[in-house]
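A short worksheet on the structure shown next.
Here is the naming used below: chain letters follow the sequence lines, and residue numbers restart at 1 for every chain. Treat the numbers as computed from the prediction; the structure is a model and nothing was measured.
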Amino acid sequence: MSIKVVFHIDELSKWSLLLKNVQNLTKVVDVKNSLIEILANSEAVGFYAGSALNSDRTLMQDLSRTGVLFVACNNALKGMGIQREVLPQFVEVVPVGVLELIEKQSQGYAYIKP
Amino acid sequence: MSIKVVFHIDELSKWSLLLKNVQNLTKVVDVKNSLIEILANSEAVGFYAGSALNSDRTLMQDLSRTGVLFVACNNALKGMGIQREVLPQFVEVVPVGVLELIEKQSQGYAYIKP
Amino acid sequence: MSIKVVFHIDELSKWSLLLKNVQNLTKVVDVKNSLIEILANSEAVGFYAGSALNSDRTLMQDLSRTGVLFVACNNALKGMGIQREVLPQFVEVVPVGVLELIEKQSQGYAYIKP
């Protein structure tokens, strides 16, 4: 099954739950033909810069390799004083996170907020 | 009015709020011709197994009788060590909760996360 | 760019985050030709009645002037004992907040829960 979904995260404390949700999903769908995106804004972008358990960071990297897209809101990065250079290479940056959430939904993506 | 909506809950502490939201909704729509589903994953499935105020459990049963569908994520049940047998009979179990949320939205259901 | 989106808030503590999200959005879209709505239910309606930082209230008023729509759930107002008369004039009241969220999504609005 191929699906389109954007997961929204804006709390650092929700990353473990979110990654587990996404991991469970990738086990039952055709990831290569699906569009699975994780959009982080607000304090949640801090995860990309290192505020995370090692086990969660490993899971993020594994999911990225399977085709899950990780995205950060640039406004949030600026607000947290995080430079793009410190982010993992696979993290994409969009100017305004909520606009990304709107555009994806208008393209038929489901929205999930763990 | 007939509507299609899936409510998502993944925190035990949100059940009272969610049930009240759904109760208010059922008072103003044609429930019999609507599709109203509550999808619980993560720790929130514990509610089905008994981690709840009695008043909330009564409200859940009342809503179920009017046609509201209560669903549990099987991954979450396994993660919490909850056997299907202890759940109320009207609770349906799906293999992966987030996939259920995606499929319902692709079928035109609105998504609400109280 | 013109967009359609409804932001959902049911926790008082999320207003600052939500208003900042919306402010960032209004800087990059054509607000006059967009439909941007904020739907508050549960305890979050208390914000309209004064439970807020002054800076947040000023931001709310500024966003309202640009065309952002602020809406309150009447069930929530009643539950909190808040009279309509104490709300800012630009706040609209709907009978059931979750029904508003469902109707907007059925009209093609994106849903975002900060």
Discussion item. What residues of residues 93-114 of chain B make heavy-atom contacts with chain A at a cutoff under 4.5 angstrom?
Written reply: B/Val96, B/Val98, B/Leu99, B/Leu101, B/Ile102, B/Glu103, B/Gln105, B/Tyr111, B/Lys113

Worksheet item: For B/Glu43, is it the side chain, the backbone, both, or neither that has a heavy atom closer than 4.5 Å to a heavy atom of chain A?
Response: neither

Worksheet entry | Inter-chain contacts: residues 20-40 of chain B against chain A, heavy atoms under 4.5 Å | none

